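Here's the structure we're looking at; comments come further down.
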Amino acid sequence: MRKPLIAGNWKMNGSLSLIDRFGEACSETDLPLNVEVALMVPAPYLDAARRAFADTPMAWGGQTLHDQAAGAFTGEVSGPMLAEFEARYVLVGHSERRALFQEDDAAVLARVVAAVDVGLVPIVCVGETLEERDAGDTESVVLGQVDAVLAGLEARARERLVVAYEPVWAIGTGKTATPEQAQAVHASIRSHVNKTYSEALAEGLRLLYGGSMKAANATELLTQPDIDGGLIGGASLQVDDFLAICQSAG
Ligand code: PGA
């Protein structure tokens, strides 16, 4: 059985007081025990997240990492630094990183390797643009991005991955993929992993959906057989909305 994961992605948003509000809400609310919950916060908030969430079910993580452990890379954050703050997860290859910071498939793989090396769970983001979908290329784009990571990893490392399918046209646009559209892509990822790597890897692989997921549409997405959780942007900045999505996953 795959344990659902609801992960929030604050992007370059949030504040110390929002961390505190989440910390208080998580101590007071009974989050479903059968769901993992986590917030990917901007790096300067990691220490505050560690303090606020320490005695709650909420895990925390980073939004990216460099592929080197240390060095002259002004502005970057490394895997060992995230690990020092007890981050459990790190996003890798979010479409904003791919589009705005020129991270290609090779860069994504190098970062995944760096994350696994220090015991982090990489959440690898994949997804097609609207042009690619309209051209009928969704499956080849998405499976290509998945293979660019899986083919470069050893079998043990593959088992640590989480994959988030985030159609670029649905991110921050309010346009959610329909449950059928999302399920179709998730099912094709799982069947491809089954055929290309192994049945055990495919069965254990957690596939999150991301792209304008919110409390109002979470249940219909999360009840699809191959959707094992969500990566939530905008709605993860609202305590009530995010916790409602976590409840829907339970
Ligand atoms: P959104 O963002 O929920 O605001 O669409 C999702 C993401 O970018 O991970």
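As the structure is a computational prediction, the values presented were derived from the model and not from experiment. Each ligand, and each atom within it, is numbered from 1 in the order the structure gives.
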Original post:
Which pairs count as side-chain hydrogen bond (donor to acceptor under 3.5 Å, both in side chains) when at least one residue sits in residues 45-55, sequence neighbours excluded?
Top reply: Asp47-Arg50, Asp47-Arg51, Arg50-Glu86
**OP:** Kindly indicate whether the side chain of Cys125, heavy atoms from C-beta on, has any atom under 4.5 Å from the side chain of Leu231.
**Re:** yes
**OP:** Could you check if a side-chain atom of Ile123 sits within less than 4.5 angstrom of a side-chain atom of Leu5, using non-hydrogen atoms only?
**Re:** yes
Original post:
Using a distance-only test with no angle check, is there a side-chain donor-acceptor pair under 3.5 angstrom linking Gln183 and Asp226?
Top reply: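 Result is yes, a qualifying pair exists.
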**OP:** Give a yes or no on this: more than 12 heavy atoms of other residues, nucleotides or ligands lie within 6.0 Å of atom CG of Asp30.
**Re:** no
Subject >> CG/Leu33: more than 12 non-hydrogen atoms of other groups inside 6.0 Å >> reply: no
Subject >> Residues in the immediate environment of ligand 1 (any heavy atom closer than 4.0 angstrom) >> reply: Asn9, Lys11, His94, Glu166, Ala170, Ile171, Gly172, Gly211, Ser212, Leu231, Ile232, Gly233, Gly234
